[in-house]
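Per chain, numbering begins at 1; letters A, B, ... match sequence-line order. What you see is a predicted model; the values in this text were computed from it and never measured. Heavy-atom basis, side chains included; hydrogens, waters and symmetry copies ignored.
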Amino acid sequence: MIIKVSIINVPINSAFDYLVPEELERKIRVGQLITAPFNTYLAYGVVIELNVPHSVFELLPIRSICQDEPYVSKEMVSVALSVSDHFLCPISKLIEMTLPTRFSEFAEFEYSLLNAQWVERKSQIEQQILLFINGKGVVNGNKIEKQFPTVKTKPILSMLVKANLLQRAPRLPKAVARTKYVKTAAIAISRQTFYEHENDLGKTPVTNERRRMALEYLFDEGIPVAVNWVYASSGCNKADLDELADREYIVLSEVEIFRDPLERVNHRSLGYGQPADLTSDAAAKETLQVMLDSQAKSSDIKPSFLYQKSDQKSSDSVYLRVVENAINEGRSAMVLAPEMAFTPKLVRLFSLKFPGLVGLFHSGMSNGEKYDTWMRVYSGKIKIIVGTMSALFLPINDLGVIILEECHDSSYRSAFSPIFDSIYVAEKLKKQFNTLNIYSSQTLPIELLYKEKYNISDQKTGLLKLLPSLPTAFETDLEIKLIDMRLELKTGNRDVLSRGLQESLRQSLANGEQAILFLNRRGDSTYVFCRDCGQSLRCENCDSVLVEHKMENSRSTMLLCHSCGFNMIKPEKCPKCDSKSIQSYGLGVEKLEEKCKGLFPTARILRWDLDSAKSEVLDELALVHFANHSADILIGTQMMAKKYQFPQVTTIGLVLADVGLSLPDPFVNERIFQLYYEIIHLAGKQAKTRVYIQTFQPENELLRLITNIEPAEFFGWEVQNRFRLNLPPFCSLINLEYHHSDQNSAKYDAYQIAGVLRSKLSAIGDEKAEVIGPVPAYTNIKNPFAGWRILLKNVKIEMIKELDLGQGWKIDVDPITI
DNA sequence: AGCACGCCGACT
DNA sequence: GTCGGCGTGCTC
């Protein structure tokens, strides 16, 4: 039999065919971990297909099957293959994601002496190495390296192998993470025996006393205790315990322990825990009923639900009920959040109702924690997985529900290889396990809403259904003002805070209420605009916004168009109105904090940016701090979006809403709308909240729509934009990005590939397909020409496969940003 | 990733 | 004339 194997820990795109020795043919199954000769060494691989047709190669047989029961289910293998196929990422990388933990990075070799009488005239170091190996019998390559740290041992060893003095054999490295054990000690004698021997425990009185103390302590405990505790409480050491064990006074053993990542989850709650009673929320109640009905029906293709959230508490209740239903049916659930920081509240929500059944999984956990959680999922102990997108490939049995919280978030798509999309994976899982899928958000993605509206079912998303079916009216008492900062300037206020916002802050503080100031940092000072006419500088050819680049070897600043490659030296005057107040606009969080301190010296100000949100703990502390009203003004960047709700907040200021508005990216409108919508909704729903959106371009249509905060209206507008510009959902996109240290060859290679694609497309007469570029990629500020980008519209993925792009190319299928 | 192969410059 | 630098390309 010939099988297809994905070799793991080898960064290659293809899988390899192997023969199965006759004696293994009955045992071989898809998903099994096997070992096979690869190149010059032995490697691990996962079986991804059986009974492969004969290929032209001279095939090698696999060496062994590592375990009979596959680590990876055939369903998971199928999902991994689909993802690899659609997003064109290496199958080995996806298979690795399905495995318990990374297996050791490198192939290892072990060496043994082949010829006992080594030649005397060998150099001294060679003799030393041979002596070392002779002393040990069989030695691991890296042990030899450690023994001779000053020498490069690998070439010497290779030479000795060639000279027939050494034998080299490939050795499989052990998995990095494994079950953790802790050594324990327990008393094994009676008090009586103890008293008989308490004075002859050691040779010296000091030793005797240490051992006596240890025994005393173990008597007190009565049960097996971790040896570390014994050391700590009695001052004894390992030798003492070994001696006592030899005399059979105590019993040493090992206990498997479970590294619980949930230990660190802070169970102080920010108003979470008690789910809302749904009887008062008609929309949520109806939503839940539809979902439960869908869960009950087992056959047919079910839609995935787009859940238009209006209120966090109601949606939590919906999740709880849906998950409960799955658990009752003996199935399990997967609840994902876009970022690690959002997982604690989900853990809290579910572990209150299902203690012991919840497991957390995200990339921030240690290898050991991940390994243990993986094993507990594999063995069926964990029924509810809370985590980020890396949890999608956990070996969960009989999956019943998949929930993606805040499904619009860009973190649901990996930024680096393998680049893929969580919703795509969720759809594939649904196909395999017949799950109920819920994609939930306050601001649902345009593309999904569009497909739902026109009943478009494709490979990417399947069939979608929007719930609640009736759009929820906006209930919060909000007063939103768009502030023209040009007018502020003209009337003499050069401050970053408008008079209206200052007055509102003053009022909130006077009433003992709270305020949030938001500063969008994206595109920090990289774009240039005129303070008088409010216009950003745009490309002469294609009207895209020009982006500022400080050139390394020059004092002048370059403006660069990322759509067509046009560039110019930054002018001194605004080309439109001749004003000299043309500048790149950047305002730091620190600066804003100072400003506020100056204006409101008595207010307690809390800054929340990258520095203060480094760790989960600090992050949570800051929030609790603010929620408890230990601070009056919260200043933050986009990371505070969609966190929690703060009922005492009555003023929200978007300090400079323009930032990021005009980034050269076709998806920027949607991202800004989602972000600002989230920020505005940080306010609770108890008091009237005043929102100030400060801008230099109040006529901007997007800002007007944000001020209206009517998602349906924004949807209509943006769908028209997408149609006009022929963007998703009206076309498919593939973004190719190429990076090379050498500017010229980067450009040359990119142009060459674009040329090949164009001629291929015209050869087959594909009129819908389009090749745009290459243009400089917006990734490297210092050296903007090092990266080049080609955007493909309606080009079939098979065509890219045929190109077989080499190193340096990044392939982004269905990109969400370019 | 790890290794072989192969093409150029430094040294016996 | 040979050793060894690492640039390129292959692994069933």
- prompt: Once you round it to whole Å, what is the distance between C1' of dC12(C) and CG of L19(A)?
  reply: 9 Å

query: Quick one: does S84(A)'s side chain have a donor or acceptor within less than 3.5 Å of a partner on A80(A)'s backbone?
result: no

message: Checking K460(A) now: which residues fulfil salt bridge (charged side-chain N to carboxylate O under 4.0 Å, His left out) with it, not counting sequence neighbours?
response: E447(A), D814(A)

- request: Could you state the atom-to-atom distance from NZ of K93(A) to C1' of dA1(B) in whole Å?
  value: 11 Å

- prompt: Would you say E58(A) has more than 12 foreign heavy atoms packed within less than 6.0 Å of its CD?
  reply: no

field: Euclidean distance, atom CD1 of residue I62(A) to atom P of dT11(C) [Å, nearest integer]
entry: 20 Å

message: Rounded to whole Å, how long is the line connecting atom CD1 of I8(A) with atom P of dC12(C)?
response: 16 Å

- request: Round to the nearest Å and state the distance from R63(A) atom CZ to dC12(C) atom P.
  value: 12 Å

query: What integer distance in Å separates E58(A):CD from dC12(C):P?
result: 10 Å

message: Once you apply a heavy-atom cut-off of 4.0 Å, does Y18(A) come out as touching a base, just sugar-phosphate, or nothing?
response: sugar-phosphate

- request: Would you kindly give the CG-to-P distance between N39(A) and dA4(B), to the nearest whole Å?
  value: 8 Å

Value in whole Å for how far the C1' atom of dA1(B) lies from OH of Y44(A): 16 Å

statement: Hits for side chain to side chain donor-acceptor pair (under 3.5 Å) against E23(A), two or more places apart or cross-chain, chain-then-number order -> none

